[in-house]
There are 2 protein chains.
Amino acid sequence: MNTELCSVFQVAAKLPKNSADDTTGGAMRADARRNRDRLLAAADAVFTERGADASLNDVAKRAEVGIGTLYRHFPTREALLGATCDERFLTLAKQSRERSASLSSIEALRVFLEELVHYAGIYQGLAASLGVVLRSGTEGCHATTAEGQRLLEAAQREGEVRGDIRLDDVVCMAMAISLSAAQDASGPKRIPRLTGMFIDGLRPPREARGTRHR
Amino acid sequence: MNTELCSVFQVAAKLPKNSADDTTGGAMRADARRNRDRLLAAADAVFTERGADASLNDVAKRAEVGIGTLYRHFPTREALLGATCDERFLTLAKQSRERSASLSSIEALRVFLEELVHYAGIYQGLAASLGVVLRSGTEGCHATTAEGQRLLEAAQREGEVRGDIRLDDVVCMAMAISLSAAQDASGPKRIPRLTGMFIDGLRPPREARGTRHR
DNA sequence: TATTCAAGCGGAGCAACCCTCCGTTTATCG
DNA sequence: CGATAAACGGAGGGTTGCTCCGCTTGAATA
């Protein structure tokens, strides 16, 4: 069915209480917590190595955990993928917030887009569902979209980006760039150039540009 | 021509002689031709119904043909997908050639991209493998990539598109737009805007633009 | 510390799918 | 009408997804 691509992360809500690094004073048994963490680490390794559709048996094996345990913690592949990426998106958002203070609005947006492209490429095949992923509502994804929205609006307020651009459009760009970069060995080297190019495309006609730089 | 273009046609050789509607005075046995046609019809039906990653056993069953026969005619899912889309891509290329005579180079490229996005959506989930499908080597896929290359080079010659853009990049844009549009109900309406946005990103900085218009 | 039991574990096992291999059938040609 | 090579078909081996259920164990309680 088509749901493979689109359903990524929809299931987010069903996950166990505590996120990977938790601290939500969990009612979770110690061995369960341990296994969950091992699974997340193993999943990250395996997905990195073999792509987002690697065998879940491999993940369980690498975690030295029964396959049943994997499915109890993460009822679907999407749930596992979601939990695995969530942390990363959390740090993406956080780092962007810190960094943006010392950058111009358009430059902050550019770096954000570039980072998004990188994150979309951490697992082979993840880029294709990036849009849905970000809409999943998990903590990290929510933080990332909120940050992107913030940067976009700031750039628009300053007249550095056309007013009719939406965050979805930026996400779509990230998908395209990531897909393009994944095609051949020289891809990664082209990311900054492609990113800069498309950010340029977002700018308004020169005569109408910039309340700040004028 | 440049090596980039070559990558688009790499796999071309492996397919059977005659394309879907053939007329290449085939050395193909009558039963083979018949089965091939039935397979194409069945594949189109099944892919339409269940998406581009439907079971190939189902396709064979619907065609009332052994699974071995399916694989002999179409060694990979992409080959089958490519052959199934072949006619459509053929018309895409043809219409683009006709249309482009009365359009500016950049506008012709924009419409081509938009059309490509539409074609990528005929089967649910086809967009995800659009790049591979276009490389399947069927006549229509070849015609479409050739046409895209032609439009791209024309726009570049006129200084309307940056020289370092490759056809692969354009295909990736189509994939991203199609995937993005497939994500929600309002998607299709956003296709023209997204397409325009990407085309804008392809243009060179304004001061360096256009040998023709000025 | 000993007892208790639900939460958690693990992996056998079934179903679905992909794809190959090879014995059988048959279209075509002389 | 043979002869023969092309084409057929589906059994079968390998992989993966996911469930189910008997066994293990953490930790609450006394």
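To find a chain, count down the sequence lines: A is the first, B the second, and so on, and within it residues start at 1. These numbers were taken from a predicted model, which means no experiment stands behind them.
- A salt bridge does not link A:R190 to B:D164: none of the charged side-chain nitrogens sits closer than 4.0 Å to a carboxylate oxygen.
- For the atom pair CZ of B:R162 and CG of A:L194, the computed distance is 9.5 Å after rounding to the nearest 0.5 Å.
- Between the side chains of A:D44 and A:Y123, at least one donor-acceptor pair of N or O atoms lies under 3.5 Å.
- In this structure, the CG atom of B:D58 is 8 Å from the P atom of C:dC18, given to the nearest Å.
- Mapping A:E64 and B:I67 onto DNA chain C via the closest heavy atom, the residue that lands nearer the 5' end is A:E64.
- With values rounded to the nearest 0.5 angstrom, B:D200 atom CG is found 10.0 Å from B:R110 atom CZ.
- Along DNA chain D, read 5' to 3', the first and last nucleotides having any atom under 4.0 Å from a heavy atom of chain A are D:dT16 to D:dA27.
- Ion pairing of B:D168 with B:R166 is present here, as a side-chain N (NZ or NE/NH1/NH2) and a carboxylate O approach within less than 4.0 Å.
- One atom, CZ of B:R34, and another, C1' of C:dA27, lie 11 Å apart when rounded to the nearest Å.
- For the pair B:K61 NZ and C:dC18 P, the computed distance is 11 Å after rounding to whole Å.
- With rounding to the nearest 0.5 Å, the separation of NE2 in B:H142 from CG in B:L90 is 11.5 Å.
- In this structure, B:R99 does not pair ionically with B:E147, as no charged nitrogen and carboxylate oxygen lie closer than 4.0 Å.
- Mapped onto DNA chain D by nearest heavy atom, A:D53 and A:D31 fall at different nucleotides, with A:D53 at the one closer to the 5' end.
- A:Y71 places its OH atom 21 Å from the C1' atom of C:dA7, with the value rounded to the nearest Å.
- Summarising the geometry, the separation between NE2 on A:H73 and C1' on C:dG10 is reported as 12 Å, rounded to the nearest angstrom.
- Put simply, CZ on A:R38 is 15 Å from C1' on C:dG8, counting in whole angstrom units.
- For the pair B:F74 CZ and C:dC18 P, the interatomic distance rounds to 16 Å; values are reported in whole Å.
- B:S55 comes within 4.0 angstrom of sugar-phosphate atoms only, judged by non-hydrogen atoms across all strands, and of no base.
- If you measure from atom CG of A:L70 to atom P of C:dG11, you get 13 Å, rounded to the nearest angstrom.
- As judged by a 4.0 angstrom heavy-atom cut-off over every strand, A:L56 is placed among residues touching the sugar-phosphate backbone only.
- Toward the 5′ end of DNA chain C lies the nearest nucleotide of B:N57, the other residue of the pair B:R29 and B:N57 mapping further downstream.
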